[in-house]
Amino acid sequence: MALFCLDVGNTHAHWGVVDGRRVLAHGEIPTATLDTVALTALLAAHPSEGVAFASVVPAATAVLQPTLLSCGRPCFHLRHDTVKGLGFDYPKPAEVGQDRLADCVGAQFVAGAPAVIVGMGTATTVDILTERGYAGGIIAPGLGVMTRYLHERTALLPALDPASLLGGPAIGKSTVDAMRAGCALGFAGMIGALLDGVCAELVRQGSPMPKVIVTGGAAVYLPASWRDRVSHEPHLTLLGLAEAHRRHFA
């Protein structure tokens, strides 16, 4: 069953048409430009048998939800109080971002538990999935935040494109190379330290070594030592939304 899935993030909204493990079509649009006209056009261009969505932008949710609910297809809004089959080992589930819940459902679908999910968007998120369900996480700066902050908070440092960070020297011989090394190596080191800490704590608690799933565009900056220990699922959130829709209407 093909489902239209929409993940509204702080910077971009990602959409996809998902059929089982296959993502038949996908794209993104700046959240600031996703209004009812744009959403109606997307829905018309991508027929499906249902709609699933998550949002971490309340103002956008208020604008878009009426269009989604009235589109004539079974519509599911993934929230902590609507998701089925996840479970929570967490005191305040309402605080967990809907995109992170979708990632956990996606991890259940593609890998099972225990798993550690690293989301690399505007923020870097690390979420822990155990047999009991969502068990907590970490929120840290994203790569784009790092590169923009240096430029915005200093008078002389230029803006960097995160896509230009790979392949530079470890010791910068120019201001730009020094910034590239700091952001690329610093980001990779941060991810490595977070994963080391989380996996070690889970093992101390008696868990087997968790699967590590990364999603998001900055996955290429993971430490090389982790490359053979992680699974890259670029559409994990969309897969999770589709699976949550299937569970809801089963």
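Quick caveat, the model's predicted, so the values are computed rather than measured.
For the side-chain hydrogen bond (donor to acceptor under 3.5 Å, both in side chains) test, residues two or more places apart in sequence or in another chain that qualify with T11 are T122. In this view, D99 satisfies the salt bridge (Lys or Arg N to Asp or Glu O under 4.0 Å) rule with no residue, not counting sequence neighbours. Remark: D89 pairs with R132 by the salt bridge (Lys or Arg N to Asp or Glu O under 4.0 Å) rule, at least two apart or across chains. With sequence neighbours left out, E233 forms a salt bridge (Lys or Arg N to Asp or Glu O under 4.0 Å) with R21. With sequence neighbours left out, the salt bridge (Lys or Arg N to Asp or Glu O under 4.0 Å) criterion links R247 to E243. With sequence neighbours excluded, the residues satisfying side-chain contact (heavy atoms from CB on, under 4.5 Å) with P74 are H245, F249. Residues that satisfy the side-chain contact (heavy atoms from CB on, under 4.5 Å) test with P47, not counting sequence neighbours, are absent from this structure.
Looking only at side-chain heavy atoms (C-beta outward), L101 and H80 come within less than 4.5 Å of each other. When side chains are defined from C-beta on, Q108 counts as touching L129, because their heavy atoms get closer than 4.5 Å. The shortest side-chain heavy-atom distance between N10 and T31 does not fall under the 4.5 Å cut-off. The shortest side-chain heavy-atom distance between M146 and M190 falls under the 4.5 Å cut-off.
Transitive grouping of hydrophobic side chains (ILVMFWY, heavy atoms separated by less than 4.5 Å) brings V83 and V110 into a common cluster. Note on I213: it clusters hydrophobically with L238, by side-chain heavy-atom contacts below 4.5 Å among ILVMFWY residues. I128 and V105 fall into different hydrophobic clusters, defined by Ile, Leu, Val, Met, Phe, Trp and Tyr side-chain heavy atoms under 4.5 Å apart, directly or through other members.
Here the side chain of S70 pairs a donor or acceptor atom with the backbone of P66 at under 3.5 angstrom. The backbone N or O of M1 lies less than 3.5 Å from a partner atom in the side chain of D19, making a donor-acceptor pair. D35 places a side-chain N or O within 3.5 Å of a backbone atom of A38 that can act as its donor or acceptor partner. No donor-acceptor pair closer than 3.5 Å links the side chain of T125 to the backbone N or O of I139.
Grouping Ile, Leu, Val, Met, Phe, Trp and Tyr residues whose side-chain heavy atoms lie under 4.5 Å apart, directly or via other members, places F4 in a hydrophobic cluster with L6, V8, W15, V17, L24, I29, L34, L39, L42, L43, V51, F53, V56, V57, V63, L64, L68.
Within the structure, the side chain to side chain donor-acceptor pair (under 3.5 Å) test picks out the following pairs touching residues 42-63 (sequence neighbours left out): S48-R73, S55-T61. Among residue pairs with one or both ends in residues 114-135, those qualifying as ring pair (Phe, Tyr, Trp, His ring centres under 6.0 Å) are Y90-Y134; sequence neighbours excluded. Applying the ring pair (Phe, Tyr, Trp, His ring centres under 6.0 Å) test to every pair with at least one member in residues 18-42, sequence neighbours left out, gives these pairs: H26-H235.
Taking a cutoff of 4.0 Å between a charged side-chain nitrogen and a carboxylate oxygen, R180 and D177 qualify as a salt bridge.
H77 and Q98 form a side-chain donor-acceptor contact under 3.5 Å, judged by distance and modelled atom types alone.
Of the options L236, L241, L239, V118, a side-chain contact (heavy atoms from CB on, under 4.5 Å) to D103 is made by L236 and by none of the others.
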Please set out all donor-acceptor pairs under 3.5 angstrom arising from side-chain atoms of residues 198-212, sequence neighbours excluded.
unit_1 : atom_1 : unit_2 : atom_2 : d
K211   : NZ     : A111   : O      : 3.2

